[in-house]
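A quick write-up on the structure given underneath.
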Amino acid sequence: MELSFENIHYAYSDRGAEALSDLSLVLHSAERVALIGRNGCGKSTLMLHANGILRPRSGRVLLNGKTLDYSRRALTELRRQVGLVFQNPEDQLFSANVFQDISLGPLNLGLSQAEARRRVEEVAALCDLEKLLERPTHALSGGEKTRAALAGVLAMEPQFLFADELTNSLDPWMRRQVLDILNAWVERGRTVVLSTHDWALARTWAQRIVWLECGRVYRQGPAQQVLTDQDLT
Ligand SMILES: Nc1ncnc2c1ncn2[C@@H]1O[C@H](COP(=O)(O)OP(=O)(O)OP(=O)(O)O)[C@@H](O)[C@H]1O
Ligand SMILES: [Mg+2]
């Protein structure tokens, strides 16, 4: 499996500056990738391109070598393979309760009620949500919302999981738990791309760090190559 971005240019408005400016990146199976870079460097914009919510002004997104043409069919296929947990979980939770919210993705993929239920139960166990399935989504704590949003995406069993600052607002215990979930996912041969401002986390967790500056890849590679001692002081 391979997801590639080739010379992507994107601007939110015609007169505005480019949020992505000639960005190229290739992602492979079973990788732990940390996406770092200062506020506004384009991390979230890149993630919104990964599952086709945003369409580049020029350049291409390719899944397994096939250029995404943004037809309905191609987008459905892409979203089967590429999941995105938004920076703000509030943007992700729509349904009355947690069970309904997690089952939404599998049902949208056309799975049966029984299969959707099986997937909800599986990811609820993984994300420690079993006791919260009947809870209204608005009545969850911040950390619970984050886990519910993550579970909703995992239930679609994406090959590539993009998690936008997922661990940001979590306490150290919950952070460990969420990282364990992401690691379990990678062990299944899936790829996780986690954006973060926490360089220590990026350094210890990721196999590859991708550092964006001004809408393009500034440096990438194994942590020890990308983050020099000078960067860390
Ligand atoms: N909806 C939008 N409308 C207009 N401009 C936007 C919008 N979203 C982002 N931008 C601009 O695009 C650029 C990239 O933003 P983006 O949100 O991708 O950065 P980021 O790396 O995710 O930042 P942060 O670390 O703060 O989350 C910024 O200059 C930002 O102001
Ligand atoms: Mg962002």
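Source: prediction; values computed, not measured. Ligands are counted one by one from 1 in listed order, and the atoms in each one are counted from 1 as well. Values reported hereafter were calculated over all heavy atoms of this structure, with side chains retained and with hydrogens, waters and symmetry mates removed.
- Distances below 4.0 Å separate heavy atoms of His197 from the following atoms of ligand 1: 25 (O).
- Ligand 1 has a nitrogen or oxygen under 3.5 angstrom from a nitrogen or oxygen of Cys41.
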Which is it for Arg147 and Glu144 under the salt bridge (charged side-chain N to carboxylate O under 4.0 Å, His left out) test, yes or no, and what are the steps along the way? CA-CA 5 Å; Arg147 268 149 52 218; Glu144 290 163 353; 5.3 Å; no
Candidate pair Arg135 and Asp101, rule salt bridge (charged side-chain N to carboxylate O under 4.0 Å, His left out), full reasoning: CA-CA 11 Å; Arg135 182 78 70 82; Asp101 213 277; over 6 Å; no
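- In the vicinity of Gln87, heavy-atom distances shorter than 4.0 Å reach the ligand 1 atoms 27 (O).
- You'll find the side chain of Glu115 stays beyond 4.5 Å of the side chain of Pro106, heavy atoms only.
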Trace of the ring-ring contact (aromatic ring centres under 6.0 Å, His included) decision for Tyr10 with His49: CA-CA 9 Å; Tyr10 182 78; His49 278 78; 4.9 Å; yes
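- The closest donor-acceptor contact from the side chain of Ser4 to the backbone of Val26 lies at 3.5 Å or more, if one exists at all.
- Here is the list of ligand 1 atoms found below 4.0 Å of a heavy atom in Asn39: 23 (O), 24 (P), 25 (O), 26 (O).
- If you check which protein heavy atom lies closest to atom 9 (C) of ligand 1, you get Tyr12 CE1, 3.4 Å.
- In this structure, Arg38 places its CZ atom where only 12 or fewer heavy-atom neighbours from other residues, nucleotides or ligands lie under 6.0 Å away.
- Listed by chain and number, the protein atoms of type N/O/S under 2.8 Å from the Mg ion (ligand 2) are Ser44 OG, Gln87 OE1; waters are omitted.
- Relative to atom 20 (P) of ligand 1, the option among Gly215, Ala11, Gly40, Ala17 with the closest non-hydrogen atom is Gly40.
- Side-chain atoms of Thr137 come within 3.5 Å of backbone atoms of Ser95 as a donor-acceptor pair (strictly under, hydrogens ignored).
- Using a 4.0 Å threshold on non-hydrogen atoms, atom 30 (C) of ligand 1 does not count as touching the protein.
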Tell me, with the steps shown, if Glu31 and Val186 meet side-chain contact (heavy atoms from CB on, under 4.5 Å). CA-CA 7 Å; Glu31 271 197 287; Val186 175; over 6 Å; no
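- Distance screen at 4.0 Å: atom 15 (O) of ligand 1 has a protein heavy-atom neighbour inside the cut-off.
- Partner of Glu121 under the salt bridge (Lys or Arg N to Asp or Glu O under 4.0 Å) criterion, chosen from Arg117, Arg119, Arg118: Arg117.
- Contact annotation: the side chain of Glu213 never approaches that of Cys41 to less than 4.5 Å [non-hydrogen atoms, C-beta and beyond].
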With side-chain contact (heavy atoms from CB on, under 4.5 Å) as the test, would you mind laying out the steps for Arg32 and Leu182 before giving the verdict? CA-CA 9 Å; Arg32 290 196 303 271; Leu182 299 182; over 6 Å; no
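- Between the choices Gly42, Gly16, Cys214, Ser44, the shortest heavy-atom distance to atom 22 (O) of ligand 1 belongs to Ser44.
- Taking atom 25 (O) of ligand 1 as the reference point, the nearest protein heavy-atom neighbour is Lys43 NZ, 2.8 Å.
- Close approach of ligand 1 to Thr45 is summarised as follows: ligand atoms under 4.0 Å from at least one heavy atom of the residue are 14 (C), 15 (O), 16 (P), 18 (O).
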